[in-house]
2 protein chains.
Amino acid sequence: MGALKLAPLARPDGMPTHEYAHRRLRQAIMVGSIRPGESLTIRGIAEAMESSPTPVREALRRLSSEGALKVLDNRRIMVPKMTADRFGELMALRAVLEQHGARRAVGHITERQIDRLAEIDRALDDAIARKDKATALLLNQEFHRTLYTANPDQMIMPMVESVWLQLGPFLGIAMEHVAQLYVVDRHQEAIAALRKRDEDAVAAAIAADIREGIGGFDRGAIENLLRLAGQ
Amino acid sequence: MGALKLAPLARPDGMPTHEYAHRRLRQAIMVGSIRPGESLTIRGIAEAMESSPTPVREALRRLSSEGALKVLDNRRIMVPKMTADRFGELMALRAVLEQHGARRAVGHITERQIDRLAEIDRALDDAIARKDKATALLLNQEFHRTLYTANPDQMIMPMVESVWLQLGPFLGIAMEHVAQLYVVDRHQEAIAALRKRDEDAVAAAIAADIREGIGGFDRGAIENLLRLAGQ
DNA sequence: TATTTATTATTGTGATCACATTTTGAAGAT
DNA sequence: ATCTTCAAAATGTGATCACAATAATAAATA
């Protein structure tokens, strides 16, 4: 039996247990605190968050539909293992999806929202300067999310989040083995392009940001990291 | 209480109830047999498929994560309503996602698999000639799925299926009000491009197929259909 | 010591129940 | 007629239990 350790998380009043379980597990996976290949038990999770199997199972179903977990033939549940090929596909998908999302946001985003992006980027630079990898990752996600959700009818966010979620466990490994994150994000470039309403330039900035920013490793680096982590 | 009618579906031996419920509801939504705005009750579904609330709830959670269902603030569950804007976003997303999937399949697909595509396309033409809209829709999906899954590491299928699922209820409406489906698919074009391993041509064929094929309506047609259906 | 077998513990699963909230429908008042 | 009030029915939710299948551990065999 694995003594599952789960970071605590505030529970808003009235939130159902299954949703709370989903949020908490999701966060744990997103920041890579559950190792790929590690198997989870319903009862173990239920005990860890002081509830019962029923709502936990609902949370696990959702997470498996989101690609964060994989249900084996034994019906056992685990965090999928990463491979260099899978990582490549995920990053390529991220690029396509997010470029699209960025393009479809250009026509909707307000100056005020662009200001908000700049604000998030400042906080992000600050976190990087403090070498606070975890919050840097979160703020980077918030930057992208804020951009894409400027389009009120946007349909990509659940899919983008799914990709982030699938990348999460590997980023957890990466952050353990990479001494410093020397991040060269393209957020300023994106912001400038947004102010000019230049759709192509926005898309280019986002593509470059994904390719070279946080989590942007080349294939060799990936294989190295996977070997180091014994995957 | 709504007397929910659910098309029967064979249940493979040993399949868990929650998965069976998921499959059956999913299929019902995909072919548009549940109207947008129609609300579902857990007990109603459980009764309709002769089981109990527990596994049905798991199925509903998965479907909500897949975008097929929406959980309201009252915690009640319904099929999302369609709008012209939402439809536009979904179709644009479909185009981006599937072009990407097609491109990433070109390097992996075998001649044998291309033959299989041709076979599916023949069956599809046959269904169209018989004016059998339902199977035409299914075969069209199978054509696309077969293409994209030629890439063994492909990560887009769950997302493509999610989009199809969200389009489903509206296609159900469309098929009721559109007398004939005069479909001009671009499958032959795609097949020819695949044999030549011409990635750009494949992507172009898929884009055109989505734009002009089954479910490819212009904005005016959408608004008309939504008005006709009283949405 | 290594391998197989048998026993025990653990796990996923699904039905049931109790509780709180919401919805519904009828009776009454304006 | 329209709106309000209130009781009854329906619904989402989560804990618990029993069962079958799987995994883990101990015992026995080679």
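Sequence lines set the chain letters: A, B, ... in the order given, protein chains first and strands last, and positions in each chain run from 1. Computed from a prediction, not measured in an experiment: that's the story for all the values here. Just the heavy atoms: all of them, side chains too, but no hydrogens, waters or symmetry mates, feed the values below.
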A:E38 side-chain N/O to A:R35 backbone N/O, donor-acceptor pair under 3.5 Å: yes

A:S162 (side chain) donor-acceptor with A:P158 (main chain) under 3.5 angstrom: no

A:R219 with A:D85: basic N within carboxylate O range, under 4.0 Å: yes

Any donor-acceptor N/O pair, B:R24 side chain to B:A7 backbone, under 3.5 Å: yes

Five-pair end axes of the helix from C:dT1-D:dA30 to C:dT30-D:dA1 and the angle they enclose, rounded to 10°: 10°

Side chain A:E223, main chain A:G220, donor-acceptor under 3.5 Å: no

Atom-to-atom span, CE of B:M78 to C1' of D:dT11 - whole angstrom: 17 Å

Rounded interatomic separation in angstrom, taking CG from B:D13 and C1' from D:dA21: 14 Å

Whether A:S64 side chain and A:R61 backbone form a donor-acceptor pair below 3.5 Å: yes

Enumerate donor-acceptor pairs with a distance under 3.5 Å from any side-chain N or O in residues 8-17 of chain A to protein atoms, sequence neighbours excluded.
| from | atom 1 | to | atom 2 | distance (Å) |
| --- | --- | --- | --- | --- |
| A:R11 | NE | A:M15 | O | 3.3 |
| A:R11 | NH2 | A:M15 | O | 3.0 |
| A:R11 | NH2 | A:T17 | OG1 | 3.0 |

Main-chain N/O of B:R76 paired to B:N74 side chain as donor or acceptor, under 3.5 Å: no

Letter per nucleotide, 5' to 3', of nucleotides 12-23 of chain C [B base touched, S only sugar-phosphate touched, - untouched; heavy atoms, 4.0 Å]: BBBBB-B----S

